[in-house]
Amino acid sequence: MKILVCISNVPDTTTKITFTNDNTQFNTAGVQFIVNPYDEIALSKAIELCEGGKGTVTVLNVGEAATDPTIRKALAIGADDAVRINAVPRDAYFTAYQIAEYARTADFDIILTGRESIDYNGNQVAAMIGEFLEIPSISIIKKLEYDGTTATIEREIEGGKEIVTVSGKFVASCAEGVAEPKIPNMRGIMSARTKPLTVVEAKDIAEVAKVVSFETPAPRGAVKLIPADDATSLIGLLHTEAKVI
């Protein structure tokens, strides 16, 4: 069994977000990057499925050389080898196309991603990979079992759960509950230094979308404290200032 896990290089959740070049690019100065947390869940599940010599786990990142430390962390967690597609991941369509083009050459049984990256929160890449490869894609899964030929997958839907079975190759995006993220131990950290990391040049594809500008949320306004027994003033402010009633 061969599993491909797609990982994103994202800013740490404590990062203060700013933009440069007239608000068209994320300012990376002084930013600490990490493996996308949802992708860590996907990676942990892949490692579990391959325990006991049942298969191998390859991690793939679309990014430039600056993402290598993030890839090495994924190797330290337990992936067997890694691939970096040498390109700036300009949008979900471009990223999914690059992943799919590489996956065609390696004959993976399962492709796992996180449900979304915590920087863009797009939840698009997994479905696009499935479309490019013409294989089933199951989004935002909560549980995955695999017997070597058929996967049983659980998803949460409004009012209940959905159980899906799929045979053959498939793509799935993983959410909380699929697996517990693994913490790399010292042995894993040391072995990650020598595990293979292959760099592949990106394929040409037309640009279909372009960022016009980014905006940060408006700063929070001052808090007004209203005495608990002054309901009239509270209702008045909700009506005239907050305009929620």
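The figures here come from the full heavy-atom set of this structure, side chains too, leaving out hydrogens, waters and symmetry mates.
- No chain of hydrophobic side-chain contacts below 4.5 Å, direct or via other Ile, Leu, Val, Met, Phe, Trp or Tyr residues, connects I183 to V59.
- For the atom pair OH of Y38 and OG of S117, the computed distance is 10.5 Å after rounding to the nearest 0.5 Å.
- Put simply, the side chain of V199 reaches to within 4.5 Å of the side chain of L197, judged on heavy atoms.
- Identified under the side chain to side chain donor-acceptor pair (under 3.5 Å) test for residues 51-70, with sequence neighbours left out: N9-T70, T58-D81, N61-T67, D68-R84.
- Counting only heavy atoms from C-beta outward, the side chains of D109 and I3 never approach each other to under 4.5 Å.
- A 4.5 Å side-chain heavy-atom check between F33 and P11 finds at least one atom pair inside the cut-off.
- Looking only at distances, no side-chain donor or acceptor of K203 sits under 3.5 Å from a matching main-chain atom of E101.
- Remark: R90 CZ to T95 OG1 distance equals 9.0 Å, nearest 0.5 Å.
- Sequence neighbours left out, not one pair with a member in residues 50-81 passes ring-ring contact (aromatic ring centres under 6.0 Å, His included).
- Between I77 and P181, the closest side-chain pair of non-hydrogen atoms is not below 4.5 Å.
- Other residues, nucleotides and ligands place no more than 12 heavy atoms under 6.0 Å from the CD atom of E215.
- Scanning all heavy atoms of the two residues, the minimum distance from A79 to I47 falls at N-CD1, 4.2 Å.
- Of the inter-residue distances, the one linking R193 atom CZ with L75 atom CG reads 13.0 Å to the nearest 0.5 angstrom.
- At a threshold of 4.5 Å between side-chain heavy atoms, the hydrophobic network of Ile, Leu, Val, Met, Phe, Trp and Tyr places V88 and V62 in two separate groups.
- Of the N and O atoms on the side chains of T14 and D12, at least one donor lies less than 3.5 Å from an acceptor on the other residue.
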Evaluate side chain to side chain donor-acceptor pair (under 3.5 Å) for S213 paired with N23, printing each intermediate quantity in order. CA-CA 5 Å; S213 68; N23 289 333; over 6 Å; no
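- The minimum heavy-atom distance between L43 and A74, with the atom names listed, is CD2-O, 3.7 Å.
- Sorted by first and then second residue, the ring-ring contact (aromatic ring centres under 6.0 Å, His included) pairs with a member in residues 214-237 read F19-F214; sequence neighbours excluded.
- Within a 6.0 Å sphere centred on CD1 of I157, other residues, nucleotides and ligands contribute more than 12 heavy atoms.
- Counting only N and O atoms by type, the side chains of N36 and S8 include no donor and acceptor under 3.5 Å apart.
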May I have the step-by-step check of side chain to side chain contact (heavy atoms under 4.5 Å, CB included) for F170 and I111, ending in yes or no? CA-CA 6 Å; F170 67 93; I111 301 175; over 6 Å; no
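- Rounded to the nearest 0.5 Å, atoms CG (L60) and OG1 (T113) are 12.0 Å apart.
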Between Q98 and I205, is the side chain to side chain contact (heavy atoms under 4.5 Å, CB included) condition met? List the steps. CA-CA 9 Å; Q98 301 304 327; I205 183 173; 4.0 Å; yes
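- In this structure a side-chain-to-backbone donor-acceptor pair under 3.5 Å is present from S44 to K182.
- Between I226 and S233, the closest heavy-atom pair is CG2-CB, 4.2 Å.
- Note on residues 159-172: pairs passing salt bridge (Lys or Arg N to Asp or Glu O under 4.0 Å), not counting sequence neighbours, are D107-K169, E154-K161, R155-E162.
- Between K195 and R72, the shortest heavy-atom contact is O-NH1, 2.8 Å.
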Go through the steps to decide whether L112 and V178 satisfy the test side chain to side chain contact (heavy atoms under 4.5 Å, CB included), and finish with yes or no. CA-CA 11 Å; L112 297 180; V178 172; over 6 Å; no
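- Residues T150 and S167 bring a donor and an acceptor atom of their side chains to less than 3.5 Å of each other.
- Note that the CD1 atom of I235 and the CG atom of D230 stand 9.5 Å from one another [nearest 0.5 Å].
- When all heavy atoms of S173 and G114 are compared, the closest pair comes out as CB-O, 3.5 Å.
- Checking side-chain atoms of T20 against main-chain N and O of N27 turns up no donor-acceptor pair under 3.5 Å.
- In the hydrophobic cluster analysis, where Ile, Leu, Val, Met, Phe, Trp and Tyr join through side-chain heavy atoms closer than 4.5 angstrom, V166 is grouped together with I110.
- Both I245 and L237 sit in one connected hydrophobic cluster of ILVMFWY residues. Membership requires side-chain heavy atoms under 4.5 Å apart, directly or through other members.
- Clustering ILVMFWY residues whenever any of their side-chain heavy atoms sit less than 4.5 angstrom apart, transitively, puts I129 in a cluster other than the one holding I138.
- A salt bridge (Lys or Arg N to Asp or Glu O under 4.0 Å) check over residues 110-136, counting only residues at least two apart or in different chains, returns the pairs R115-E176.
- Between L144 and L49, the closest side-chain pair of non-hydrogen atoms falls below 4.5 Å.
- Atom CD of E40 sits about 12.5 Å away from atom SG of C174, to the nearest 0.5 Å.
- Pairing each heavy atom of D91 with each of A209, the nearest pair is OD2-O, 3.7 Å.
- Contacts classified as ring-ring contact (aromatic ring centres under 6.0 Å, His included) and involving residues 99-139 (residues at least two apart or in different chains) are given here: Y93-F132, Y97-F132.
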